[in-house]
There are 2 protein chains.
Amino acid sequence: MTTGSPGTQGGESLLFLTDEQLRKGIEAMFFAYRAFTADPDRILENYEYGRAHHRAIHFINRQPGLTVNTLLTMLGVTKQSLNRVLRTLVEDGLVEARVGRKDKRERNLFLTQKGAELERELSDAQRARMRSAYRAAGPAAVAGFRQVLEAMMDPEIRRHYQSIRDTSS
Amino acid sequence: MTTGSPGTQGGESLLFLTDEQLRKGIEAMFFAYRAFTADPDRILENYEYGRAHHRAIHFINRQPGLTVNTLLTMLGVTKQSLNRVLRTLVEDGLVEARVGRKDKRERNLFLTQKGAELERELSDAQRARMRSAYRAAGPAAVAGFRQVLEAMMDPEIRRHYQSIRDTSS
DNA sequence: ATTTTATGTCAGCTATGTTGACTTTCCAAG
DNA sequence: CTTGGAAAGTCAACATAGCTGACATAAAAT
């Protein structure tokens, strides 16, 4: 719809929209995502945590002080599922849940030093793979990569994604 | 390593390799992958199948006649895990497992008509999202997308990925 | 005062992964 | 021809992480 309907290719090839191309894209997503999670998964085996803990830690690090509800929206799971994860992280002293200043019903989530250390270990591994892929593909490819992924997201999530800015190093 | 170490940027900016850029890439992968699986997951709820069945069906469709072992490598799960999935698909008449002609220990896997119909329904949904994202981003972005994903894969899997060619429409 | 929201918790279920042990079939090398 | 090992299938037991449903508490909003 954006570039015109079939038959009205204004000079631009639409070969990249063939079923074969789309299927290759689907497979690329599957294989790449598996590799993408493999490194942190290996590290997490040494702890008593899983991928769900990693995700929670990631977003708490990225948006320190975010509420449980916000985290819920970003992770896209039920509160029961998140609660199980969050409870162990708080009990183990990796996450601190402070009662909200304005609204005391809310809990603002922060990583403790210990939590930040695990975050660092996990994200070092994940960023190393991402960096290597970025280097190999080059800046133009990276821009395209980000564009396609962003276009693939659900609109509500895309807004969340775009609103996240790093506050750590 | 490919484009030079920090300080020796031969005219090419390395800003795309900052931690912030890498973290945005990590988040993009997470959010996009979730959207990517959401449509087929919704369809699968109407059947007694899950995401694991979808993956098996996808690859059997893409490489009709592939052996159980090949499928195992591509899915990256244990034979016990795959067997549970494959058994229900065979019992329900979606997949046919023919004894190998040369090596009778092997099973060559094929979709039945019924299996092909489900594959079509699932992949229609998944391709629709992929097509929409490709259209929105454009052919240059798609090329970059594929390059980065490919660079992210583990080398052995990348070879499998590159060897897959479509035989269906 | 009542309703709604944010959070937490208990119980039970399902899907999908894991390891380990074992059997059957059958190719291929001695 | 026998034997070793590969391919496949199966059984059992378990872990993770998702789900629904029901219910409790505290605090904000109406």
Side-chain angles (χ1 to χ4, degrees), chain A residues 30 33-34 37-38 40-58 60 65-92 95-110, chain B residues 30 33-34 37-38 40-60 65-92 95-110 122:
Chain A
F30 172 65
Y33 193 80
R34 188 137 55 83
T37 54
D41 281 357
R42 254 189 300 276
I43 293 168
L44 288 160
E45 277 175 15
N46 306 324
Y47 301 85
E48 58 204 359
Y49 303 125
R51 208 178 282 183
H53 300 83
H54 179 195
R55 290 181 204 139
I57 287 173
H58 172 92
I60 296 172
L66 88 178
T67 65
V68 173
N69 233 347
T70 305
L71 185 53
L72 230 36
T73 306
M74 295 207 294
L75 294 176
V77 298
T78 59
K79 63 173 179 171
Q80 294 92 328
S81 197
L82 174 59
N83 193 258
R84 182 164 39 193
V85 164
L86 222 41
R87 201 190 322 162
T88 67
L89 290 175
V90 170
E91 279 171 2
D92 297 352
V95 167
E96 191 188 349
R98 295 186 206 148
V99 171
R101 281 185 311 156
K102 289 178 58 180
D103 189 333
K104 292 178 188 167
R105 288 171 305 182
E106 295 182 342
R107 297 287 181 278
N108 296 113
L109 304 171
F110 299 88
Chain B
F30 172 65
Y33 194 79
R34 188 138 53 84
T37 55
D41 281 357
R42 255 189 300 277
I43 293 169
L44 288 160
E45 277 174 16
N46 306 325
Y47 301 84
E48 59 204 1
Y49 303 126
R51 206 178 284 183
H53 299 84
H54 179 196
R55 290 182 204 137
I57 286 173
H58 172 91
F59 286 112
I60 296 172
L66 88 177
T67 64
V68 173
N69 232 351
T70 305
L71 185 53
L72 229 35
T73 305
M74 295 206 294
L75 295 177
V77 297
T78 59
K79 63 173 178 174
Q80 293 92 330
S81 195
L82 174 59
N83 192 257
R84 182 165 38 197
V85 164
L86 223 40
R87 202 190 321 162
T88 68
L89 290 174
V90 170
E91 280 170 3
D92 297 352
V95 167
E96 190 187 352
R98 293 187 207 148
V99 172
R101 281 186 311 156
K102 289 177 59 179
D103 186 334
K104 292 179 188 167
R105 288 170 304 180
E106 295 183 345
R107 297 290 179 277
N108 295 114
L109 303 170
F110 299 87
L122 292 170

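Quick note on labels: first sequence line is chain A, next is B, and so on, each numbered from 1. The shown structure was predicted, so the numbers you read here are calculated from the model rather than taken from an experiment.
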Asker: Can you measure L89(A) atom CG to dA17(D) atom P for me and round it to whole angstrom units?
Answerer: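 Whole-Å distance recorded here is 11 Å.
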
Asker: In whole angstrom, what separates E91(B)'s CD from dT10(D)'s C1'?
Answerer: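 It is 13 Å, rounded to the nearest whole Å.
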
Asker: Roughly how many Å is it from CZ in R34(B) to P in dG18(D), rounded to a whole number?
Answerer: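 Rounded to the whole Å, the gap is 10 Å.
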
Asker: Which part of the nucleic acid, if any, lies within contact of R84(A), taking any heavy atom under 4.0 Å across all strands shown: a base, the sugar-phosphate backbone alone, or nothing?
Answerer: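 Here R84(A) touches the bases of the nucleic acid.
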
Asker: So which atom in G76(B) and which in R34(A) form the shortest heavy-atom distance, rounded to 0.1 Å?
Answerer: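 Closest approach of G76(B) to R34(A): CA-NH1, 3.7 Å.
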
Asker: Students often get this wrong, so: under 4.0 angstrom with heavy atoms, is R51(B) touching a base, only sugar-phosphate, or nothing?
Answerer: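 Result for R51(B) = sugar-phosphate.
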
Asker: Using only side-chain N and O atoms of H53(B), determine if any of them is under 4.0 Å from OP1 or OP2 of dT16(C).
Answerer: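 For dT16(C), OP1 or OP2 has a side-chain N or O of H53(B) closer than 4.0 Å.
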
Asker: With nearest nucleotides of DNA chain D determined for R101(A) and V77(A) from heavy-atom distances, which residue corresponds to the more 5′ nucleotide?
Answerer: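 This one resolves to V77(A).
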
Asker: On DNA chain D, check which nucleotide each of D103(A) and G76(A) is closest to and give me the residue with the more 5' one.
Answerer: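 In this pair, the answer is G76(A).
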
Asker: For a quick test of reading the model, state the closest non-hydrogen atom pair linking F30(B) to L75(A) and the distance between them.
Answerer: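 Here F30(B) and L75(A) meet closest at CZ-O, 4.2 Å.
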
Asker: Side chain of T78(A) only, heavy atoms from C-beta on: which candidate in dT7(C), dT9(C), dT20(D) is closest?
Answerer: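 Nearest to the side chain of T78(A) among the choices is dT20(D).
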
Asker: Heavy atoms from C-beta onward define the side chain here; which of dT9(C), dT4(C), dT25(C) lies closest to that of R105(B)?
Answerer: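 The listed nucleotide nearest to R105(B)'s side chain is dT25(C).
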
Asker: Counting side-chain heavy atoms from C-beta on, which of dG21(D), dA28(D), dG8(C) comes nearest to Q80(A)?
Answerer: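 When the side chain of Q80(A) is considered, dG21(D) is the closest of dG21(D), dA28(D), dG8(C).
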
Asker: Confirm from the modelled atom types if K79(A) and dT7(C) form a donor-acceptor pair under 3.5 Å, side chain to base only.
Answerer: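 Side chain to base: pair present.
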
Asker: Before you tell me yes or no, could you show the steps for T70(B) and T67(B) under side chain to side chain donor-acceptor pair (under 3.5 Å), namely the whole-Å CA-CA distance, both residues' side-chain angles and the distance that decides it to 0.1 Å?
Answerer: CA-CA 5 Å; T70(B) 305; T67(B) 64; 2.9 Å; yes

Asker: Whole Å only: how far is the CD atom of E106(B) from the C1' atom of dG5(D)?
Answerer: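 Computing the E106(B):CD to dG5(D):C1' distance gives 15 Å.
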
Asker: Could you state the CZ-P distance from R55(B) to dA15(C), rounded to the nearest angstrom?
Answerer: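 Result: 14 Å.
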
Asker: Whole Å only: how far is the CG atom of L82(B) from the P atom of dT18(C)?
Answerer: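 Atom CG in L82(B) sits about 10 Å away from atom P in dT18(C).
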
Asker: Distance-only, no hydrogens or angles: does the R101(B) side chain make a donor-acceptor pair with backbone N or O of V99(B) under 3.5 Å?
Answerer: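 No, because the side chain of R101(B) does not come within donor-acceptor range (under 3.5 Å) of the backbone of V99(B).
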
Asker: Of all the nucleotides listed (dA7(D), dC19(D), dT10(D)), which has the minimum atom distance to the side chain of N69(B)?
Answerer: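 Of all the options, the side chain of N69(B) is nearest to dA7(D).
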
Asker: Taking atom P of dT7(C) as reference, at what distance in whole Å does atom CZ of R98(A) sit?
Answerer: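 Those two atoms, CZ and P, are 16 Å apart.
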
Asker: If I take atom CG in residue N108(B) and atom P in nucleotide dG9(D), what distance separates them, rounded to the nearest angstrom?
Answerer: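 After rounding, the gap between these two atoms is 11 Å.
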
Asker: May I ask you to verify if any side-chain N or O of R107(A) is less than 4.0 angstrom from the OP1 or OP2 atom of dA6(C)?
Answerer: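 It does not, given that no N or O in the side chain of R107(A) lies less than 4.0 Å from OP1 or OP2 of dA6(C).
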
Asker: Would you name the heavy atoms of N108(A) and G65(A) that are closest together and state the gap between them?
Answerer: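 What the structure gives for the nearest pair is ND2-O, 2.6 Å.
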
